[in-house]
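We count ligands from 1, going down the list as the structure has it; atoms in each ligand are counted the same way.
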Amino acid sequence: MAGLVIGYLAVQLSLMSLLLCPSSSTAQHTLGRSSMSVEDHARPFLVSTDGSFSCGFLEAGDNAFTFSVWFTADPNRTAVWSANRDAPVNGRGSRVSFSRDGELALADTNGTTVWSSKTTAGTGNRRGLTVSLRDTGNLVVGDPSTGLAVWQSFEWPTDTLLPSQRFTKQTKLVAGYFSLYFDNDNVLRMLYDGPEIASIYWPLPGLTVFENGRTNYNSTRIAILDDAGVFLSSDQTKAEATDLGLGIKRRITIEQDGNLRMYSLNASTGGWAVTWSALKQPCQAHGLCGKNGLCEYLPSLRCSCLPGYEMVDRRDWRRGCKPTFPVGNCSQGSAPPPSPATAPPQFKFIEVAQTDFFGFDLGYTESITFKQCRDQCMNNCQCTAFSYRLDGRGKCYPKGTLFNGFTSANFPGSIYLKVPLDFNASSPRVSAQRAAGLACGANVTVVTVSADVYGMAPGSNGQWTYFFVFAGVLGVLDILFIATGWWFLSSKQSIPSSLQAGYKMVMTSQFRRFTYRELKGATANFKEELGRGGSGAVYRGVLDGGKVVAVKRLAVDVTMQGDEEFWSEMTVLGRINHINLVRIWGFCSERKHKLLVYEYVENQSLDRHLFDTAEGGGGMSTTTLAWKDRYKIALGTARGLAYLHHECLEWVIHCDMKPENILLTRDFDAKIADFGLAKLSKRDGGAGVELTHMRGTSGYMAPEWALNVPINAKVDVYSFGIVLLEIVVGSRVADQRTEAGEPLQLPQITQALRHVVDSGDVMSLVDARLQGQFNPRQAMEMVRISLACMEDRNSRPTMDDIAKSLTAFDDEDEHPAYHS
Ligand SMILES: *[C@@H]1O[C@H](CO)[C@@H](O)[C@H](O)[C@H]1NC(C)=O
Ligand SMILES: *[C@@H]1O[C@H](CO)[C@@H](O)[C@H](O)[C@H]1NC(C)=O
Ligand SMILES: *[C@@H]1O[C@H](CO)[C@@H](O)[C@H](O)[C@H]1NC(C)=O
Ligand SMILES: *[C@@H]1O[C@H](CO)[C@@H](O)[C@H](O)[C@H]1NC(C)=O
Ligand SMILES: *[C@@H]1O[C@H](CO)[C@@H](O)[C@H](O)[C@H]1NC(C)=O
Ligand SMILES: *[C@@H]1O[C@H](CO)[C@@H](O)[C@H](O)[C@H]1NC(C)=O
Ligand SMILES: *[C@@H]1O[C@H](CO)[C@@H](O)[C@H](O)[C@H]1NC(C)=O
């Protein structure tokens, strides 16, 4: 009996496929057996009958493709569905195929099946199935005889919902760590599910289901966007497009910033316009700025770290911030808290205004005083901060982990952050530091440096002011700031143990804080002095592990700034890592003692090798520095400065480029020292002192230092130009005299250089001690660059340009590292 039925079906199916076969080679709406290779990605695999949708290979990156569906009218081909969103296939040799037995499959170059509709597994004879793209955008593998779908893309959405596509309890929209789904209680929600925490952020977690205008009584769990632009869910979520009406193509997409948006297609341009979004305030999405991060919207989204915290990964805010100060060890979780009577408090609290963190409370107490609340946090090792609100009753929320932080001018509460006793909260740099440590590629620009670089204008404005723009993928849309219910109630959750690990990182990373006693020991009580500069003396030291370091003891006037400010400067400098920059291993900051621990560079500074008259050279330079080494030093220095100026840390300006600050390794590789001390130096000291001893050295300082203008990286370019000239000439530019014995002025120097460039006679300029052993093309390029560096600052090249130009002439020396 059963055999008969199957036999009958088989006959019918093969008849159907016979009928379909002729059309499958021409029609692109429906296909029988067929396949397409990724090399043909210019044409679609399928197009819907009305032409609205296309499907095929979509470029998802460099030589990477997804098999996707998109709106034909969208020139950018925004995918509304993808088979392999997270596993793109190779741009060569990959194939999508619809097999004889009815399976749609995607194979990578090596034949591995990356994705398939799984329509063959255990389903017997599937002959006669077809694949078609419907006018709704639904990609369907179906039985044309019954019209039934065996598999359809509408049941496997990625991040987008199309009109008429049913969103059910089986489906989910996902973008990164964010997802939209029906929760167990029948409510449609959005969840952040990151590596460390999971947290619901829509509808507002502080309100009940009903306060949010939803219901949890309807267990149907279905949501649908209709053709008129109304999105309706069984939990009573209702959203309407602002351009309500038929005939407009729309989609609803959850995006990388955690927001859910409805878009309408502009038929004439093919562009998309937002016509509804779930979150009115972008910072409502959780997880955007990571642990210990603060989200702020003004008027684009910006992440920052709490005072005293720094980014874990400069490229990824989602990884959050970590404390730069040591935190208590909570391993003995069950041990009783130390009583304040026996153990003096090691912490204090600083207020971060208009700020709150959602969730992760260690407890909740009502009707207590501020002091009681503070003591609760003080005595609980796991407490990192607390929130106290006086709205009616005194509500106390000690916080374990600080997640989902936001700052908003409209938020009336504060968070009180637990910090070490020696943490300086009153330092005005705190607010700037909050945003320091930005991701690579973020734009950081020095806006003003007031004249107090000279120590002439002390005062609250006498700080470097940074203007930070977090120009990431987030917050592109200019959504109106609507203060909605920011009063989140708090939920009680415990801290995942994985979080504890984060605190240890700062202690174990290579850059660390040393104690004064430790450094005193390492340097044998500051016995062997290596050198002495305006900002302090440098001593040789040996750390516990045997690592040789240079320890710089900052002069008292450098150390007047706040501890916290110093700390924050250090953590920024500690991340600088480039072959041509002296590495900072750590620092010490204990009351008056401010020390920096540097990499030890064997071969002293450039001036001792370059200038005959170097005092205290200890007879180092018995032989003249060879041309190859000179060029290598010039190139390395340019690369180091280019890194400081352009890569990541755009705002680090050296401010004191001179041969004394270019250290040399045994192989004569240049390593720039003292960078960033510009920002460390005290800014309200006596006038003139800093000018000559601290910032810049006369002879190397750009003319604009004397003008009351904002200083930018071009001051270093000027100084580099002088150094470059000195490398060619072999003596100090400042020591050059006119025939009358007067020091040469800048116009006279540039005039002389211009003459050399015009005449091509570089020989007359090059250090005579080289006895003609030099590369004239390289020398000429150096003179040319040097001249350009002395131009008016807007005409000066950038360090990037310079590094490139010097690299272009580096062909004479292919293996600089092997030269000695
Ligand atoms: C095929 O290539 C993919 C991606 O490069 C790789 O993950 C997979 O292991 C390869 N499979 C085989 C059988 O080589
Ligand atoms: C549940 O929701 C569905 C879809 O929105 C609706 O058709 C149905 O009437 C609702 N049921 C109840 C009991 O409200
Ligand atoms: C489509 O875009 C054009 C150009 O930006 C604009 O003038 C037009 O109003 C848009 N149409 C709709 C329906 O938004
Ligand atoms: C396509 O994308 C680019 C870059 O995101 C954007 O500038 C352009 O406006 C988009 N084109 C349309 C028609 O939306
Ligand atoms: C924390 O304390 C525990 C138990 O005393 C100890 O085993 C562990 O090494 C300590 N961790 C740190 C980082 O001090
Ligand atoms: C903290 O910094 C401020 C401003 O820089 C300074 O006036 C104050 O003396 C510092 N306090 C401590 C304890 O270092
Ligand atoms: C930073 O912003 C300035 C001015 O807005 C712009 O000229 C510069 O190209 C930007 N830099 C980067 C790296 O985006």
Side-chain angles (χ1 to χ4, degrees), residues 41-42 44 51-54 58-62 64-66 68-80 82 137 154-155 157 159-171 173 175-176 180-189 203 209-210 212-257 259-278 300-301 441 471-479:
H41 66 263
S52 295
F53 290 93
S54 302
L58 208 59
E59 198 151 5
D62 196 17
F65 287 81
T66 57
S68 302
V69 175
W70 62 90
F71 279 92
T72 311
D74 175 3
N76 282 347
R77 296 190 167 188
T78 311
V80 296
S82 294
F154 268 19
E155 284 178 2
D159 58 0
T160 297
L161 199 65
L162 292 170
S164 85
Q165 181 173 3
R166 291 151 64 92
F167 188 80
T168 68
K169 62 178 160 189
Q170 269 98 28
T171 51
L173 298 188
L180 174 80
Y181 69 107
F182 269 110
D183 215 336
N184 294 338
D185 63 351
N186 309 318
V187 176
L188 192 59
R189 293 210 161 88
V209 170
F210 298 96
N212 274 308
R214 309 284 192 89
T215 171
N216 52 12
Y217 293 154
N218 190 334
S219 58
T220 317
R221 293 195 212 169
I222 190 161
I224 204 157
L225 171 66
D226 71 14
D227 289 331
V230 179
F231 177 65
L232 199 61
S233 156
S234 52
D235 74 347
Q236 288 177 3
T237 304
K238 186 175 181 188
E240 293 184 348
T242 49
D243 58 353
L244 213 58
L246 295 170
I248 297 173
K249 294 184 165 64
R250 298 191 176 85
R251 63 183 166 97
I252 286 183
T253 304
I254 188 168
E255 298 184 290
Q256 293 294 334
D257 63 357
N259 208 344
L260 183 72
R261 298 187 177 89
M262 194 185 317
Y263 286 92
S264 295
L265 186 71
N266 183 324
S268 57
T269 64
W272 293 99
V274 178
T275 48
W276 173 81
S277 60
S300 61
L301 197 144
V473 288
L474 311 168
V476 184
L477 298 156
D478 203 17
I479 297 164

Enquirer: Exactly one of Thr160, Thr78, Asp159 should register a side-chain hydrogen bond (donor to acceptor under 3.5 Å, both in side chains) with Thr253. Which one does?
Expert: Thr160
Enquirer: Using a threshold of 4.0 angstrom between heavy atoms of the protein and any atom of ligand 2, which residues qualify?
Expert: Asn218, Thr220, Ile222, Ser234
Enquirer: Do Phe71 and Phe53 come within less than 4.5 Å of each other through their side chains, counting heavy atoms only?
Expert: yes
Enquirer: Of all the atoms in ligand 4, which lie at a distance below 4.0 Å from a heavy atom belonging to Thr269?
Expert: 13 (C)
Enquirer: Check for a donor-acceptor pair, side chain of Asp226 on one end and backbone N or O of Val230 on the other, with a separation under 3.5 Å.
Expert: yes
Enquirer: Who passes side chain to side chain donor-acceptor pair (under 3.5 Å) against Asn186, sequence neighbours left out?
Expert: Arg221
Enquirer: What atoms of ligand 4 come within less than 4.0 Å of a heavy atom belonging to Asn76?
Expert: 1 (C), 2 (O), 3 (C), 8 (C), 10 (C), 11 (N), 12 (C), 14 (O)
Enquirer: Is the contact between Ser268 and ligand 3 made by the side chain, the backbone, both, or neither, using heavy atoms and a 4.0 Å cut-off?
Expert: side chain
Enquirer: Could you check whether the rings of Phe182 and Phe167 sit parallel, tilted or perpendicular, using 30° and 60° as the cut-offs?
Expert: tilted
Enquirer: For the backbone of Arg214 and the side chain of Asn212, can you confirm whether one donor and one acceptor N or O come within less than 3.5 Å of each other?
Expert: no
Enquirer: Quick check: does any side chain N or O of Thr66 sit under 3.5 Å from a backbone N or O of Ser68, one acting as donor and the other as acceptor?
Expert: no
Enquirer: Tell me whether Arg250 contacts the main-chain N or O of Pro163 through its side chain, where contact means a donor paired with an acceptor under 3.5 Å.
Expert: no
Enquirer: Can you list the atoms of ligand 4 that are under 4.0 Å from a heavy atom of Gly270?
Expert: 13 (C)
Enquirer: I need the atoms of ligand 4 closer than 4.0 Å to a non-hydrogen atom of Gly271, numbered in the order shown.
Expert: 12 (C), 13 (C), 14 (O)
